[in-house]
Number of protein chains: 2
Amino acid sequence: MPDDLIPDVLNDRCPSRMVLNHVTSRWGVLVLIALQDGTMRFSALRRRIGGVSERMLTQSLRLLEEDGLVLRTAHPVVPPHVEYDLTPLGVEVAEKVHALAACIEGNLGQIMAHRTE
Amino acid sequence: MPDDLIPDVLNDRCPSRMVLNHVTSRWGVLVLIALQDGTMRFSALRRRIGGVSERMLTQSLRLLEEDGLVLRTAHPVVPPHVEYDLTPLGVEVAEKVHALAACIEGNLGQIMAHRTE
DNA sequence: TTTGATACTTACAAAAATGTGGGTACTTCC
DNA sequence: GGAAGTACCCACATTTTTGTAAGTATCAAA
């Protein structure tokens with residue numbers, strides 16, 4: 001019975017670690033939060049997420065797509081038209097990520113005050 | 001009225017981004033989850049969190065301490081005895097992080113199945 | 001007619017994260 | 001007496017992440 005049977009992020013060899021890393025990656029978090037507003041095109045996402053480069057946005061979207069959290073729909077037209085959505089599982093994960101971000105945003109005053117002590 | 005007045009992680013210049021990065025960092029996430037079990041010493045933490053190096057554990061603990069999420073208590077004896085705890089705010093944040101990790105662990109089967117398609 | 005928008009990819013470079021091995025000062029266990 | 005445990009720090013090297021700039025094909029607006 002390998003360690004992997006009961007998923008555990010504290011276990012070095014558990015593949016949940018990899019997924020957690022995708023989800024909690026610098027831009028992955030923000031992609032999930034941004035997509036909570038609904039379907040978005042690549043450029044719209046890029047404008048919404050301050051500071052992300054095209055390269056990083058593409059890469060983050062690809063990883064989340066591979067994990068089945070994000071759905072990519074490409075319309076083969078010129079100029080290109082591609083839409084991104086959360087999958088049902090993506091919605092679930094995005095909610096948790098959003099709760100975390102909101103918690104930090106809500107306590108930012110306290111945190112910043114502590115940092116300057 | 002600067003952008004920073006209403007914390008928003010999607011905003012490039014909002015300091016909540018920095019805190020979010022500490023919390024969602026590779027080892028930061030796991031430190032918070034591990035500390036949910038209660039007070040732990042450095043070595044215990046290191047054993048609990050699979051794959052973390054001393055260097056990275058120290059660094060992660062320092063960042064979370066600066067943000068006021070983790071409390072470090074050093075007893076000046078030889079050999080050294082140092083205890084780590086979550087602060088009240090740390091408990092709150094750790095709950096969200098744990099919910100996220102649990103969500104991923106719980107859906108890992110589905111995710112891994114999707115990845116191999 | 002030049003510019004900008006679309007959704008990327010690729011090569012290259014820079015920056016950040018992470019690991020490695022060593023050292024510390026003492027105690028207890030074998 | 002030698003080894004291991006404690007909680008680190010430091011310098012160095014490597015790995016990973018991230019950014020930058022350019023290129024692609026086509027259309028529409030100025």
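All chains are named by letter (A, B, ...) in the order of the sequence lines, taking the proteins before the strands, and each is independently numbered beginning at 1. Nothing here was measured: the structure is a model prediction, and the numbers come from that model.
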Atom-pair distance ([atom1] on [X]; [atom2] on [N]), nearest Å:
{"X": "R46(B)", "N": "dA4(D)", "atom1": "CZ", "atom2": "P", "answer": "15 Å"}
{"X": "L57(B)", "N": "dT20(C)", "atom1": "CG", "atom2": "C1'", "answer": "16 Å"}
{"X": "M40(A)", "N": "dC8(C)", "atom1": "CE", "atom2": "C1'", "answer": "19 Å"}
{"X": "L63(B)", "N": "dA16(C)", "atom1": "CG", "atom2": "P", "answer": "14 Å"}
{"X": "M56(B)", "N": "dT17(D)", "atom1": "CE", "atom2": "P", "answer": "14 Å"}

- [ ] Apply the test side chain to side chain contact (heavy atoms under 4.5 Å, CB included) to residues H22(A) and S25(A): give CA-CA distance (whole Å), side-chain angles for both, the deciding distance (0.1 Å), then the verdict.
- [x] CA-CA 5 Å; H22(A) 296 164; S25(A) 68; 5.5 Å; no

Task: Degree of bending in the helix from dT1(C)-dA30(D) to dC30(C)-dG1(D) once both end axes are built from five pairs, to 10° - done: 10°

TODO: Find out whether E83(A) and M40(A) are in side-chain contact, i.e. whether some heavy atom of one side chain is under 4.5 Å from a heavy atom of the other.
DONE: no

Task: Within-4.5 Å side-chain heavy-atom neighbours: V29(B) and V23(B) - done: no

Open item on the list: Could you work out, with side-chain hydrogen bond (donor to acceptor under 3.5 Å, both in side chains) as the rule, every residue matching T39(A), not counting sequence neighbours?
Closed with: D85(A)

TODO: Compare every heavy atom of C14(B) with every heavy atom of P7(B), then report the nearest pair and how far apart it is.
DONE: CA-SG, 3.6 Å

Open item on the list: The criterion is salt bridge (Lys or Arg N to Asp or Glu O under 4.0 Å); which residues satisfy it with E66(B), sequence neighbours excluded?
Closed with: R115(A)

- [ ] Using salt bridge (Lys or Arg N to Asp or Glu O under 4.0 Å) as the criterion, list what pairs up with D12(B), not counting sequence neighbours.
- [x] R17(B)

TODO: Pull out every residue in residues 23-34 of chain A that has a heavy atom closer than 4.0 Å to any atom of DNA chain C, ordered by number, or say none.
DONE: none

Open item on the list: With a 4.5 Å cut-off on side-chain heavy-atom distances among I, L, V, M, F, W and Y, is there a chain of contacts connecting I33(A) to I49(A)?
Closed with: yes

Task: Hydrophobic cluster membership, M18(A) vs L30(B), 4.5 Å side-chain cutoff - done: yes

Task: Contact pattern, 5' to 3', of nucleotides 6-16 of chain D - B, S or - by protein heavy atom under 4.0 Å - done: BSBB-BB----

TODO: Report the relative orientation of the aromatic rings in F42(B) and Y84(B); use parallel for angles under 30°, tilted for 30 to 60°, perpendicular for over 60°.
DONE: tilted

Open item on the list: Can you tell me how far apart CG (L10(B)) and CD (E105(A)) are? Round to the nearest 0.5 Å.
Closed with: 7.5 Å

